[in-house]
2 protein chains.
Amino acid sequence: MLSKKTKYALHALTYLGKHRENKTVLIQDIAEEHGISHKFLENILLELRKAGYLGSKKGKGGGYYLIKEPKEIPLSRIIRLLDGPIALLPCVSLNYYEPCAECKSEVQCGINKVMVQVRDETLKILENKSLQDILDGE
Amino acid sequence: MLSKKTKYALHALTYLGKHRENKTVLIQDIAEEHGISHKFLENILLELRKAGYLGSKKGKGGGYYLIKEPKEIPLSRIIRLLDGPIALLPCVSLNYYEPCAECKSEVQCGINKVMVQVRDETLKILENKSLQDILDGE
DNA sequence: CATAAACTCTATAAAATTTATAGGGATTAT
DNA sequence: ATAATCCCTATAAATTTTATAGAGTTTATG
């Protein structure tokens, strides 16, 4: 399951996607719309900005806005950013690889081999769905 | 990512699958082979037995053994049993459904719609891979 | 029939992670 | 000048995961 952080990030991105005509959107507005803690959401939006998905404007009249095309924001990226690996095991993660302590040899491990396949097929799904698909369903 | 519980379960099932000629296998043997805590693994095997994948024999000379064909043990089942939902959000889980607090209307939620698709495609992958596939890779 | 070997079951403790809060700083419009 | 707003880092609270503990129960065997 996705963490609340990722779930909230998706809600925030969706909200921002739906309000692209506005110059900026307040954290507070998104938080209220979904009943999310302002401060918790603040941290999430900060991460999304640092990762290059959002722009922000400080000071009075400031707020956040989307700086990428919704089409260019695949689910895989958002999940990786906030939740970490998409792979089911560390030993098959492309972006967060770590060996599994209990496994003597990766090349001889049937679990590893199957999980590589699962990872590749899962990635295909998540790279192929973007914020645009979410917006299309609203 | 899978929990250690699920990962250990997969190792245990693999071990049992590789030793089907034996009448029984000791918890201790599996634990040692993979450097897993005996007691932790004990709880996991108990769950697998209660769920109908393993049989056990008590007392001296006892142990665990596989009672299902490896082909009949899909990854999806093992993951659900030990880790819970496969869906990325509670509001699209088939087996562990819960509404999302921050979402006013599921039928109007674009996130929900996309996640239903992701769930269905992910399930296809995980239902289609079984312990047999793991054993084939060993 | 005594003993040791093994699984059974439930409770609890420890560790790690996730979720949430807090508050002072910096910037900007008016 | 002031108020609004994002920026940043630290810490607290809650939850979940991981691990341990120990008293049962069953069974093979000498």
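In what follows, chains are A, B, ... by sequence order, proteins preceding strands, each numbered from 1. The figures here come from the full heavy-atom set of this structure, side chains too, leaving out hydrogens, waters and symmetry mates.
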Closest approach to the side chain of [X], judged atom by atom: which nucleotide of [options] is it?
X	options	answer
B:Lys4	D:dC8, D:dT18, C:dT28	D:dT18
B:Lys60	C:dT19, D:dT18, D:dA28	D:dA28
B:Ser3	C:dT19, D:dT18, C:dC9	D:dT18
B:Tyr8	C:dA20, D:dA19, C:dA6	D:dA19
A:Tyr64	D:dT18, D:dC6, C:dC7	D:dC6
A:Phe40	D:dC6, C:dT19, C:dC7	C:dT19
B:Leu26	C:dA6, C:dT19, C:dA29	C:dA6

Can you tell me the distance, in whole Å, between the [atom1] atom of [X] and the [atom2] atom of [N]?
X	N	atom1	atom2	result
A:Leu2	C:dT17	CG	P	18 Å
B:Leu46	D:dG24	CG	P	18 Å
A:Gln28	D:dC6	CD	P	9 Å
A:Ile44	C:dT21	CD1	P	12 Å

Is a donor-acceptor contact shorter than 3.5 angstrom present between the side chain of [X] and the base of [N]?
X	N	result
B:Asn43	C:dT8	no
A:Lys39	C:dG23	yes
A:Glu42	D:dC6	no

Before accepting this row, confirm whether a basic side-chain N of the pair [X]/[Y] lies closer than 4.0 Å to the acidic partner's carboxylate O.
X	Y	result
B:Glu33	A:Lys104	yes
A:Arg20	A:Glu69	yes
B:Lys50	B:Glu47	no

Are OP1 or OP2 of [N] and a side-chain N or O of [X] less than 4.0 angstrom apart?
X	N	result
B:Lys5	D:dT16	no
B:Ser37	D:dT18	no
A:Ser56	D:dT5	no
B:Arg49	C:dA6	no

Comparing A:Gly61 and B:Gly62 on DNA chain C - which has the more 5′ nearest nucleotide: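 Here B:Gly62 is the residue nearer the 5' end.
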
Toward the 5' end of DNA chain C, which comes first, A:Thr6 or A:Lys57, by nearest nucleotide?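 By nearest-heavy-atom nucleotide position, the 5'-most residue is A:Thr6.
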
For B:Lys18, does the NZ atom have more than 12 heavy-atom neighbours from other residues, nucleotides or ligands under 6.0 Å away?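 Counting other residues, nucleotides and ligands, NZ of B:Lys18 stays at 12 neighbours or fewer.
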
Return whichever of A:Lys58 or B:Asp83 has its heavy-atom-nearest nucleotide of DNA chain D closer to the 5' end.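 The 5'-side residue here is A:Lys58.
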
Check the angle between the aromatic planes of B:His11 and B:His34 and answer parallel, tilted or perpendicular using the 30° and 60° thresholds. tilted

